[in-house]
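Atoms considered below: every heavy atom in the structure, side chains included; atoms not considered: hydrogens, waters and symmetry mates. Since we're looking at a predicted model, the values are computed, not measured.
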Amino acid sequence: MAHTMEPGTSVEIGGLKARPDLNGKRASIVQYASDRERYQVKVVEGGEELYLKPVNVKPAPAASASAAAANATTPPSATAAGDAPSETADLAPETEVTVSGLKSRPELNGKRGRVVRYVPDRERYHVVVTETKEETYLKRANIEVLTTGPPAEPETAKVSETETLDDDAVAKAAIARESIEAAAAAAAAAPAPPIEEIKDSETLLREFFADVSDATRDAEVERILSCFKLNPYEHLALRFDAKEDDIRRAFRKVSLLVHPDKCTHEKAKAAFDAIGQAQQLLGTPEVKRELDFNLERARDAVVKNWRKNTRNDVVLRVRFSGNREAQLAAFLASDEFHELWKLEARKMIVDVEWRRRKLTLRIKAEEERVEKEEKEEAQERKRKSKAQKEWDNEKAREGRVGGWRDFMGAQKKGGKKQKVVGAFKGPKLKKEERSKEEKEEFHGLDRNGKRVLRPDEVSKAW
């Protein structure tokens, strides 16, 4: 489809259903995008650029067309004058200004700067300080235009319009002029803004958390109290590889949310104490070193398991062209890895803590046993010492010696022995008595009924 409107043509928008607020507004043709079959137009009011179909743009009335033609034939000096805003309206880019009226940043007052552009959505000027190259956004009341005369144009630069500007330049100049005039009119109609106060990051953070709802604060308290108690990183909602600066910033952020003076939750003080203890633990080198060691073990376990599961993954191999290092880097940067790391770290920390507590109980039981044995030995030594002292006592020794002397004296005097109740009494021995025949030296009969000879008789017979 051939297009008939040239760049710079003033048109009127109409027939839009998705953006009915633009219907009836003036715009200028920037160019025709043949690949999209649409006109690129720039709205005069607001400077918004759109791509519209030819049926949604039509040439502006004759008065506007003649005005555009007059603007197109304006010499360069007149165009430059039209681009420059009035003193009470907008400022053109590259305008030299002076900063003034700042309260929170008084060190910038009196310094020179350069206008980069005007930001309509923020209603501020983007200014670069000349001395420090610092970029900031200031209101119109905080900048003053330097009253210096324009530089003299060289003779070689004074050429005719036909030699310096082509049709595209004229169209862009017309669009810029209309945008500046619309911004100037809006700035003139708006009330005078108060002097802006530049605030530091701490003040901005406090103002942000002042607007946080009670529901958000209560949810943060519940999260802190329900998280894993043995890992301080989870109290502060930090990644396990966070640096010291990240730890301080996270503590500052969470403490402003759950501070008992600002949070109405009944357990806000407990949550605040918990994050304070977490920061203190992470600030202790010994505790942090041991915790990081266990976290590193958990990380290695997760990576090892990932390598095993993705060894034959064709999708990852095609996506990263077989580069395992790139696959690992993408996995380590993902939220999935951190969640798996968190779960594995919990297992390892719980296991270490369980072993430590069991060892503590065993050591305590052993100490109690040793203490009990020492007490029993001390009592035994005390008893023996007391018995030895009683044995060595002079009176007890005299009593023992006197009792033995009396006993021996009674035995010598032949006194009657005292009966001892329960004493052992052995049987009396009875002598063997021979019969009358044996006394007559009769030894009896043998099997044949003959008399048995005596030994002396036998010797005599031989």
Do Gln40 and Glu49 pass the side chain to side chain contact (heavy atoms under 4.5 Å, CB included) test, and can you show the C-alpha distance, the side-chain angles, and the key distance before you say yes or no?
CA-CA 7 Å; Gln40 180 183 357; Glu49 292 189 359; 3.1 Å; yes
With sequence neighbours excluded, residues passing ring pair (Phe, Tyr, Trp, His ring centres under 6.0 Å) with Trp306
Phe331
Is Arg383 close to Glu380 at the side-chain level, that is, under 4.5 Å between some pair of heavy atoms?
yes
Straight-line distance of Thr360 OG1 to Arg355 CZ, nearest 0.5 Å:
13.5 Å
Can you tell me how far the CG atom of Leu22 sits from the CG atom of Leu50, to the nearest 0.5 Å?
6.0 Å
Hey, are Glu368 and Lys372 close enough for a salt bridge, meaning a charged N less than 4.0 Å from a carboxylate O?
no
Is Asp273 salt-bridged to Lys269, going by a charged N under 4.0 Å from an acidic O?
yes
With a 4.5 Å limit on heavy-atom distance, are the side chains of Gln388 and Lys384 in contact?
no
Do Glu371 and Lys375 have side chains that get closer than 4.5 Å, going by heavy atoms?
yes
Taking the side chain as every heavy atom from C-beta outward, state whether Arg26 and Glu45 have any atom pair closer than 4.5 Å.
no
How close do Glu6 and Thr9 get, counting heavy atoms only, and between which atoms?
O-OG1, 2.6 Å
Once you round to the nearest 0.5 Å, how far does OG1 of Thr136 lie from CD1 of Ile143?
10.5 Å
Using a strict threshold of under 4.0 Å (side-chain N to carboxylate O), is an ion pair present between Glu94 and Arg114?
yes
If you count heavy atoms of other groups shown closer than 6.0 angstrom to CZ of Arg319, is the number above 12?
no
Hey, are the side chains of Glu123 and Tyr118 touching, using non-hydrogen atoms and a 4.5 Å cut-off?
yes
Consider only side-chain N and O atoms of Asp241 and Tyr233, and report whether a donor and an acceptor are under 3.5 Å apart.
no
Is the backbone N or O of Leu332 less than 3.5 Å from a side-chain atom of Trp341, with the two atoms forming a donor-acceptor pair by type?
no
Is there side-chain contact between Lys382 and Lys386, with at least one heavy-atom pair below 4.5 Å?
no
The reported gap from CG in Asn323 to CZ in Arg317 (rounded to nearest 0.5 angstrom) is 12.5 Å
Kindly say whether His235 contributes a backbone atom to a donor-acceptor pair with the side chain of Arg223 at under 3.5 angstrom?
yes
Quick one: are Asp300 and Lys304 in side-chain contact, heavy atoms under 4.5 Å?
no
Residues Val57 and Met5: closest non-hydrogen pair is CG2-CE, 3.5 Å
Looking at Glu376, I want to see if its CD is surrounded by more than 12 non-hydrogen atoms of other residues, nucleotides or ligands under 6.0 Å.
yes
Inspect the surroundings of CD in Glu373 and state if more than 12 heavy atoms from other residues, nucleotides or ligands are less than 6.0 Å away.
yes
Side-chain (Lys229) to main-chain (Leu225) donor-acceptor, under 3.5 angstrom
yes
Between Tyr125 and Arg140, which heavy-atom pair has the shortest distance, and what is it?
CE1-CD, 3.7 Å
Taking the side chain as every heavy atom from C-beta outward, state whether Arg19 and Ile13 have any pair of such atoms under 4.5 Å apart.
no
To the nearest 0.5 angstrom, please state how far the CD atom of Glu286 sits from the CZ atom of Arg289.
5.5 Å
All heavy atoms of Leu236 vs all of Val254, minimum pair found to be O-CG2, 4.2 Å
Consider only side-chain N and O atoms of Glu222 and His265, and report whether a donor and an acceptor are under 3.5 Å apart.
yes
Once the angle between the rings of His338 and Phe240 is folded into 0 to 90°, is it parallel (under 30°), tilted (30 to 60°) or perpendicular (over 60°)?
tilted
Take atom CD in Glu353; do more than 12 heavy atoms of anything else shown fall under 6.0 Å from it?
yes
Roughly how far apart are Ser10 OG and Ile29 CD1, rounded to 0.5 Å?
9.0 Å
Contacts satisfying salt bridge (Lys or Arg N to Asp or Glu O under 4.0 Å) that involve residues 328-347 (not counting sequence neighbours) are Glu234-Arg346, Glu339-Lys342
Does Lys364 come within less than 4.0 Å of Glu367, counting only side-chain N to carboxylate O?
no
Shortest non-hydrogen contact between Thr132 and Lys111, atoms and distance:
CG2-NZ, 4.2 Å
Can you confirm if the NZ or CZ of Arg36 lies within 45° of the ring axis of Tyr51 and under 6.0 Å from the centre of its six-membered ring?
yes
Between Phe228 and Ile349, what is the shortest heavy-atom contact and its length?
CE2-CG2, 4.1 Å
If the threshold is 4.0 Å, N to carboxylate O, is there a salt bridge linking Arg217 and Glu220?
no
Cationic N near anionic O, under 4.0 Å, Glu366 to Arg362
no
Would one find more than 12 heavy atoms of other residues, nucleotides or ligands at under 6.0 Å from atom CD of Gln31?
yes
